[in-house]
Chemist: 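Provided herewith is a single structure, encoded as structure tokens, for subsequent inquiry.
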2 protein chains.
Amino acid sequence: MLWYNISSIHTPCRDTATPRHGGPAHARFQSHDHRACIAAAVTAADAHCRARGLHFTPQRRRVLEILLDGHRAMGAYDILERLRDEGLGSQPPVAYRALDFLVAQGFAHKIERINAFVACAHSGAEHDPAFLICRVCCAVAEAEAGPARTAITAAARGAGFRVERVAIEAEGLCPRCAEAA
Amino acid sequence: MLWYNISSIHTPCRDTATPRHGGPAHARFQSHDHRACIAAAVTAADAHCRARGLHFTPQRRRVLEILLDGHRAMGAYDILERLRDEGLGSQPPVAYRALDFLVAQGFAHKIERINAFVACAHSGAEHDPAFLICRVCCAVAEAEAGPARTAITAAARGAGFRVERVAIEAEGLCPRCAEAA
DNA sequence: GCTTGATATGTTATACCATAACACTTATCA
DNA sequence: TGATAAGTGTTATGGTATAACATATCAAGC
Ligand SMILES: [Zn+2]
Ligand SMILES: [Zn+2]
Ligand SMILES: [Zn+2]
Ligand SMILES: [Zn+2]
């Protein structure tokens, strides 16, 4: 189970601090080599693209690194801000194009509930993600949705609907906030 | 299984016609008394509010009627347009407040994937909705998500996460578009 | 009735999210 | 090396949602 925080959404998390690796709150990797974990994910993405003849361009790579580095769900404009600071782009389409690519390749996921993006916790391996979103602190975790996906796919088949993708997003209380309440 | 169409979203359904009851496409109620079905849902909402001391105000009632009448997923601004035409409100908060109320009471659902709202197909009875969204024609159906919800709730419990609400939204091909393909 | 607090509405302004469109560059391959 | 596809830079705009504050309405107790 991976925990991320999101930085800038409407409510109730506008004022949420933006924890980094080793920071407060729901960071899961309290004592791992985050630099190495970023490198591993980027390397995996690189190999994936190389094998398929896709262009893992500097911009796309950098956006993935930013998502991995933040280790939390981020809005497209959060990412754009980082890119701008680094001179890698200044207009929304720059961020959205890179994010579209990363999502299409499975290196990142979009969380519809909060209009945010998060690096995949599984290095692009085939999987069915579900997201657990804390309504108090806005931390986000990626969980396995295999059984739930199977259930909804079966239900849909009964209605003649052919499922291609499933978004499962649960809202509730993360362990920390549940304990505080 | 209930089918709705949505009227104004980004892609790929910008140009989608806005089917009404008895109209084309995925309307389920091809031969029922839609006027009566609207009345029944409104009456149920009225009773629900009366029992709880909630104010089922004319605005809220009218927004529910609009959703029921359209019999499809609608954006907040679609609804606002209707309200404006009828002299019942002209600014975004008017629509959003009514929608927030309806969603909170279970009379309507929000579909995150397409930023749209739809009248509940079960007159507010306790249930776990999942939505099936056709990526070609943007039709939307409400299905039962009980087993899937159970699965994801169990998975979350394993992570110490306490689930309160689950949004399950499947994207794929509706029967009609699957057949056409 | 009148006060009072809670709830709902009217309105302005603004913030936030996402894409269309077009010019230009870079990569790929025959 | 010319043709084609893919990626990037940039401007402008469209679509979604809320903050904030003034006003009105409702419900309950005095
Ligand atoms: Zn993932
Ligand atoms: Zn939390
Ligand atoms: Zn009907
Ligand atoms: Zn369809």
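All chains are named by letter (A, B, ...) in the order of the sequence lines, taking the proteins before the strands, and each is independently numbered beginning at 1. When reading the values below, keep in mind they use all heavy atoms of this one structure, side chains included, and skip hydrogens, waters and symmetry mates.
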Chemist: What is the distance, rounded to the nearest whole Å, between atom CD1 of Ile114(B) and atom P of dG15(D)?
Modeler: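 Distance check: Ile114(B) CD1 to dG15(D) P gives 15 Å.
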Chemist: Would you kindly give the CD-to-P distance between Gln91(B) and dA22(D), to the nearest whole Å?
Modeler: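 Roughly 17 Å, once rounded to whole Å.
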Chemist: Between Glu65(B) and Arg62(B), is there a salt bridge with N-O shorter than 4.0 Å?
Modeler: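 Yes, this pair counts.
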Chemist: Which residues satisfy the side chain to side chain donor-acceptor pair (under 3.5 Å) test with Gln91(B), sequence neighbours excluded?
Modeler: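 Per chain and number, Gln91(B) pairs via side chain to side chain donor-acceptor pair (under 3.5 Å) with no residue.
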Chemist: Let me know the distance between CG of Leu99(A) and P of dT19(C), rounded to the nearest Å.
Modeler: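 These atoms are roughly 11 Å apart.
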Chemist: Could you check which of dA18(C), dT8(D), dT18(D) has an atom nearest any side-chain atom of Asn115(A)?
Modeler: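 Looking only at side-chain atoms, Asn115(A) lies closest to dA18(C).
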Chemist: Write down the protein N/O and nucleotide N/O pairs, taken from nucleotides 21-26 of chain C, whose separation is under 3.5 Å; answer none if there are no such pairs.
Modeler:
unit_1	atom_1	unit_2	atom_2	d
dA21(C)	N6	Arg97(A)	NH2	3.4

Chemist: Using 30° and 60° as the class boundaries, would you call the ring planes of His122(A) and His127(A) parallel, tilted or perpendicular?
Modeler: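 Correct class here is tilted.
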Chemist: Between Arg50(A) and Asp46(A) (salt bridge meaning N to carboxylate O under 4.0 Å), is one present in this structure?
Modeler: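 Judged by the 4.0 Å cut-off on N to carboxylate O distance, Arg50(A) and Asp46(A) do form a salt bridge.
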Chemist: Centre of Phe101(B)'s six-membered ring, under 6.0 Å away, within 45 degrees of the axis: is that where NZ or CZ of Arg60(B) sits?
Modeler: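 Judged by the rule (NZ or CZ under 6.0 Å from the ring centre, within 45° of its axis), Arg60(B) counts as positioned above Phe101(B).
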Chemist: Given side-chain contact (heavy atoms from CB on, under 4.5 Å), test Val166(A) with Glu169(B) step by step and report yes or no.
Modeler: CA-CA 6 Å; Val166(A) 181; Glu169(B) 302 179 0; over 6 Å; no
Chemist: Look at the side-chain heavy atoms of Ile, Leu, Val, Met, Phe, Trp and Tyr, link any pair under 4.5 Å apart, and say whether Leu102(B) and Leu54(B) land in one connected group.
Modeler: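 Linked within one cluster.
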Chemist: Would you kindly give the OH-to-P distance between Tyr96(B) and dC17(C), to the nearest whole Å?
Modeler: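 Whole-Å distance recorded here is 13 Å.
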Chemist: Between P on dG15(D) and CG on Leu80(B), what's the gap in Å once rounded to a whole number?
Modeler: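 For the pair Leu80(B) CG and dG15(D) P, the rounded distance is 14 Å.
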Chemist: Scan residues 50-59 of chain A against DNA chain D and write down, sorted by residue number, each residue with any heavy atom closer than 4.0 Å; if none is found, say none.
Modeler: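 Heavy-atom contacts with DNA chain D come from His55(A), Thr57(A), Gln59(A).
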Chemist: Quick one: is Lys110(A) getting a side-chain N or O under 4.0 Å of the dC17(C) phosphate, OP1 or OP2?
Modeler: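 No, outside the criterion.
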Chemist: Between Glu171(A) and Arg165(B), is there a salt bridge with N-O shorter than 4.0 Å?
Modeler: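 Salt bridge present between Arg165(B) and Glu171(A).
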Chemist: Look at the side chain of Val94(B) and decide which nucleotide, out of dT18(D), dT11(C), dT10(D), has an atom nearest to it.
Modeler: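 The nucleotide sitting nearest to the side chain is dT11(C).
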Chemist: Decide yes or no, distance alone: a donor-acceptor N/O pair under 3.5 angstrom between the base of dA15(C) and the side-chain of Tyr77(A).
Modeler: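 Donor-acceptor pair under 3.5 Å: no.
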Chemist: Would you check if there is a donor-acceptor pair between the side chains of His48(B) and Gln105(B) at a distance under 3.5 Å?
Modeler: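 Yes.
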Chemist: Should we count CD of Glu179(B) as having more than 12 external heavy atoms under 6.0 Å?
Modeler: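 For Glu179(B), atom CD is not crowded (no more than 12 foreign heavy atoms under 6.0 Å).
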Chemist: Glu81(A): which residues meet the salt bridge (charged side-chain N to carboxylate O under 4.0 Å, His left out) condition with it, sequence neighbours left out?
Modeler: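 For Glu81(A) there are no salt bridge (charged side-chain N to carboxylate O under 4.0 Å, His left out) partners, ignoring immediate neighbours.
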Chemist: Can you measure Asp78(B) atom CG to dA17(D) atom P for me and round it to whole angstrom units?
Modeler: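 Asp78(B) atom CG is separated from dA17(D) atom P by 11 Å.
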Chemist: Quick check on the helix from dG1(C)-dC30(D) to dA30(C)-dT1(D): what's the angle between its two end axes, five base pairs per end, to the nearest 10°?
Modeler: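 The value is 30°.
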Chemist: How many Å lie between CD1 on Ile79(B) and C1' on dT16(D), as a whole number?
Modeler: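 So the CD1-C1' distance, Ile79(B) to dT16(D), works out to 13 Å.
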Chemist: Considering only residues two or more places apart or on different chains, which pairs with a residue in residues 146-160 of chain B satisfy salt bridge (charged side-chain N to carboxylate O under 4.0 Å, His left out)?
Modeler: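 Only Asp128(B)-Arg149(B) qualify under salt bridge (charged side-chain N to carboxylate O under 4.0 Å, His left out).
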Chemist: Grab the CG-C1' distance between Asp100(B) and dA8(C) for me, whole Å please.
Modeler: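 The distance from CG of Asp100(B) to C1' of dA8(C) comes to 13 Å, rounded to the nearest Å.
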